[in-house]
Amino acid sequence: MQYMLLIYSSEAEWDALTEAERQAIYARYAAVEQEMIQAGVCRGGAELAPSRTASSIRVRHGKPQRTDGPFTETKEMLGGYFLIDVPGLEQAEYWAARLPTAENGTIEVRALTANQI
């Protein structure tokens, strides 16, 4: 079964890190990603650009409305994801807990449905 591991964290905290601290976190992510690849469960993943570069589109009364960013009220932003293929939720949660951001942010584990877009 395929699961998305959605990585949420505080962009302000990330921005406050030194370059050396960021590189250390990237190295930890790379190590977990390599473990997932070696285990044959990784199907993809990527870091997202900061939310300040995002826009949101909503259609209201038949007219598209554009706003900057995803949500103004939230403190944690979606920063990246992994797509994994594992037998079940327990294994997906195992890999989610291995990601560095689980220590100070949130990893949302969500199953993909069989519906195709």
Side-chain angles (χ1 to χ4, degrees):
M1 181 162 211
Q2 291 190 329
Y3 290 87
M4 293 291 294
L5 306 181
L6 303 168
I7 303 164
Y8 292 89
S9 64
S10 166
E11 289 182 342
E13 289 177 15
W14 178 256
D15 290 343
L17 296 175
T18 66
E19 186 59 28
E21 291 169 324
R22 289 182 193 171
Q23 291 306 315
I25 293 169
Y26 283 137
R28 291 180 61 202
Y29 266 102
V32 175
E33 182 180 19
Q34 283 304 307
E35 288 180 42
M36 286 192 282
I37 290 168
Q38 290 173 351
V41 302
C42 189
R43 299 295 176 262
E47 179 181 8
L48 300 176
S51 65
R52 63 185 165 270
T53 68
S55 62
S56 295
I57 304 297
R58 294 168 180 83
V59 177
R60 301 295 185 263
H61 308 289
K63 295 183 181 179
Q65 298 176 351
R66 180 193 182 278
T67 55
D68 291 334
F71 307 102
T72 56
E73 309 85 34
T74 187
K75 293 180 182 173
E76 291 184 337
M77 297 292 177
L78 178 62
Y81 70 93
F82 282 99
L83 174 61
I84 61 172
D85 194 346
V86 294
L89 180 60
E90 186 176 322
Q91 294 87 354
E93 289 175 343
Y94 165 81
W95 288 109
R98 302 285 317 276
L99 297 175
T101 300
E103 296 171 6
N104 59 5
T106 302
I107 309 300
E108 179 181 348
V109 179
R110 190 177 299 188
L112 275 65
T113 67
N115 298 329
Q116 299 294 317
I117 296 178

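- Ile84 CD1 to Leu112 CG: the interatomic distance, rounded to the nearest 0.5 Å, is 10.5 Å.
- By the rule that hydrophobic residues join a cluster once side-chain heavy atoms approach within less than 4.5 Å of another member, Ile25 and Leu5 end up as members of one cluster.
- Nearest heavy-atom pair across Ala92 and Val86 is N-CG2, 3.7 Å.
- A donor-acceptor distance shorter than 3.5 angstrom exists from the side chain of Gln91 to the backbone of Gly88, with no hydrogens or angles considered.
- Taken to the nearest 0.5 Å, the OG1 atom of Thr53 stands 8.5 Å off from the CG atom of Leu48.
- Tyr29 and Glu47 share no side-chain donor-acceptor pair at under 3.5 Å.
- Listed by chain and number, the residues in a side chain to side chain donor-acceptor pair (under 3.5 Å) with Arg28 are Glu103 (sequence neighbours excluded).
- Under the 4.5 Å side-chain heavy-atom criterion for Ile, Leu, Val, Met, Phe, Trp and Tyr, Leu6 and Leu83 are members of the same hydrophobic cluster.
- Interatomic distance, Trp14 CH2 to Glu21 CD, rounded to the nearest 0.5 Å: 9.5 Å.
- There is no path of hydrophobic side-chain contacts, each under 4.5 Å, that joins Leu89 to Met4.
- Two residues are said to be in side-chain contact when any heavy atoms from C-beta on lie closer than 4.5 Å; Ile7 and Ile107 meet this criterion.
- The environment of CZ in Arg22 is crowded: more than 12 heavy-atom neighbours from other residues, nucleotides or ligands sit within 6.0 Å.
- Evaluation of the salt bridge (charged side-chain N to carboxylate O under 4.0 Å, His left out) test over residues 3-17, restricted to residues two or more places apart or in two chains, returns Asp15-Arg52.
- Listed by first then second residue, pairs satisfying ring pair (Phe, Tyr, Trp, His ring centres under 6.0 Å) with a partner in residues 75-107 number zero, not counting sequence neighbours.
- Of all the heavy atoms in Gly105 and Glu76, the pair that sits closest is CA-OE2, 3.5 Å.
- Residues Leu17 and Met77 do not share a hydrophobic cluster, clusters being chains of Ile/Leu/Val/Met/Phe/Trp/Tyr side chains in contact below 4.5 Å.
- Side-chain contact check for Glu19 and Gln23: at least one donor-acceptor pair (N or O, by modelled atom type) lies under 3.5 Å.
- No more than 12 heavy-atom neighbours from other residues, nucleotides or ligands sit within 6.0 angstrom of CD on Glu90.
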